[in-house]
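Taking it in order: structure first as structure tokens, then the write-up.
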Amino acid sequence: MPEEAAAIATEESPTEDLSTLEANRRAKLAKISELGHDPWGGRFDDRSLIGEIRARAGEITYKVPDEAGGETVHELPPLETEEQCKAFRQWKADQGRGELVGPKVRAAGRIVLHRDKGKLHFIDIRDLTGDLQVMVGMKQVGDDWELAQQFDLGDLIGVDGTLIRSNTGELSILAEKLHFMAKSIAPPPDKHSGLQDPELRQRQRYLDLIHTEGVLPRFLDRTRIVASIRNTLAQQNFVEVEGPTLHGIAGGAAAKPFQTHHNALDIELNLRIALELHLKRLMVGGIERVYEMGRVYRNEGISQKHNPEFTMLEVYQAYGNYESMMDLTEACITGAIEAIQAVHPAGARGDATSEVNYCLPWGGTTIDFKPPFARMTYNQLFAMHAGVDPEDEQAVAKLAESIGIPTEGRHPDVIKNDVFEEKVEDALEGPVFVTDYPASICPLTKRKRDNPEIAERFELFIQGMEVANAYTELNDPDLQEELFKTQLSGLSDEDSMAKMDHDFIRALRYGMPPAGGLGIGIDRLVMLLTGTQSIRDVILFPLLRPER
RNA sequence: GGGCCGGUAGCUCAGUUGGUUAGAGCAACGGACUUUUAAUCCGUAGGUCGAGCGUUCGAAUCGCUCCCGGCUCACCA
């Protein structure tokens, strides 16, 4: 053979033995077709969820025919311990005849374990609601026995059979008819340890959902939390809307936007960084209680608490103020806790009562969400955790210097706030509503009537994380315009004119009702309510570098 | 961007001071088994040790560069 040809042959062979595992699975796929089954399945009506099937365990009986031609129906004893199972097997043997009788059931799921014991296979299938054992016996399934030989871990199958218990008490479907739904050509991860590499877990989230314990329930909890918040808001007559995500001017927060371009209009656009300005326009339009829960995009760093796209809830309530938003925040969070606990049996969390447990695990500790949450002023917390009188500018500046915060030529309140972020926020285990912020660091907030130094604002801190932020909103268009200009004063005229949202100011000039406004970071709230330390574990597909 | 740690079979991981042909479990393949529980038992096959360059008689192991990831600090909110 010429050298070149040999080189080509070896170059090509890697693709072929790239995976003998895959080749084996493809061979079985072909065999399934030969046996007259569609290896990619089809509609499968009237199946029950595994959770529903498990709930029917009590219907299983043991029928013993008697001499008169009738039969005696025996209820099954508890079969939880080895002794109980052994005793039941002995009892069955003593009866001489009789059989387990259970309801006919139909299930579908993914094969996650496979124990092949000669002419009887034990197959564990998994669906959204849990796992269930299927017993496939050569005698019981007849022609489908050959199909069962083509099953691999990861395949999706359907089963018709009788719900029974095995000799060891395990609830099982004794299969009578098998159906093939889809072949897993790619081999699944280790059946026991699953995926460990955090990158693979995020990149191939589908595998993580199937194989990593706790992942699917956590994301289902996320969905329940979101649904519950919508419920709470609906009950209080808030109207959900959908604002634009493409903004000419990305306003409503101080963050770097992602930039994009519209071809037909030939204009530059930004992905939104906040929901605020359009929701306020809608309040002008008469939607007095309005909210949006949606994705915002910030072109900034990634950390355990930051993903470039995240879900934000913003709520505005006409004729309310920041204090109305405190009650609403509490209602949303406690409602969400009740919603996720309603689906987890109380015992599963080691809690014998059926009452809602507001103490949720977090790292090695717990967070007590029992309402009402603590409410403390900014200055109180400052004195408590920074150990310095917040009114004493000299002492605050001295403390700032000592922890490396620059003070030269900066506003005392700005220095104070740097110290607050450094010394106080991390110490706030919470939940605690921090109120009465210095007005100078909250330019877009209404001030207290009796004390213009204090802004009507709160932030909710839990475990050092800022979870919610609320204001009594500014509705004076002239003042708003003024503050926009001040905010942009560092930029060139060209830039500042470009960034001034004139339409928003124009809207305010038609009169926006006085209102309370609230923002909640949904991802962070989900982290706290599910005991998850990383934001990437509550986002199904966090941003990753492209695969190389 | 800085510091620390890591990348070995499809998956989970060992691999000594640089020393023979790189190992195990699971998964796969062949065989036994109709009540198993990560089934078990016997046998077989499976590797560009992240990539490249270098040091050396000899490199998974040492050095340099790069790629990828994790943790952490910084940045950002």
Any side-chain N or O of [X] less than 4.0 Å from the OP1 or OP2 oxygen of [N]?
X: A:K117; N: B:U35; answer: yes
X: A:R115; N: B:A39; answer: yes
X: A:K119; N: B:U34; answer: yes
X: A:R203; N: B:C68; answer: no

TODO: Give me the one residue out of A:L174, A:V101, A:I60 that meets side chain to side chain contact (heavy atoms under 4.5 Å, CB included) with A:L163.
DONE: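 When A:L174, A:V101, A:I60 are each tested with A:L163, the side chain to side chain contact (heavy atoms under 4.5 Å, CB included) holds only for A:I60.
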- [ ] Check if the side chain of A:D190 and the base of B:G25 share a donor-acceptor pair of N or O atoms closer than 3.5 Å.
- [x]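 Flag set: donor-acceptor pair detected.
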Task: base_contact_polar (B:U36 base, A:E170 side chain, donor-acceptor, <3.5 Å) - done: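 No such pair is found, so the answer is no.
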TODO: Among the candidates B:U36, B:A38, B:A77, find the nucleotide nearest to the side-chain atoms of A:F122.
DONE: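 Ranking B:U36, B:A38, B:A77 by closest atom to the A:F122 side chain puts B:U36 first.
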Task: A:H306 side chain, from C-beta outward: closest of B:C13, B:C76, B:U72 - done: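 In terms of side-chain proximity for A:H306, the closest of B:C13, B:C76, B:U72 is B:C76.
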TODO: Using a 4.0 Å heavy-atom cut-off across all strands, classify A:K28 as base, sugar-phosphate, or nothing.
DONE: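 Sugar-phosphate contact only - A:K28 comes under 4.0 Å of backbone atoms but never of a base.
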Open item on the list: Between A:E276 and A:K280 (salt bridge meaning N to carboxylate O under 4.0 Å), is one present in this structure?
Closed with: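 A:K280 and A:E276: salt-bridged.
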Open item on the list: Exactly one of A:F461, A:Y378, A:F458 should register a ring pair (Phe, Tyr, Trp, His ring centres under 6.0 Å) with A:F433. Which one does?
Closed with: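 Per the ring pair (Phe, Tyr, Trp, His ring centres under 6.0 Å) rule, the option paired with A:F433 is A:F458, out of A:F461, A:Y378, A:F458.
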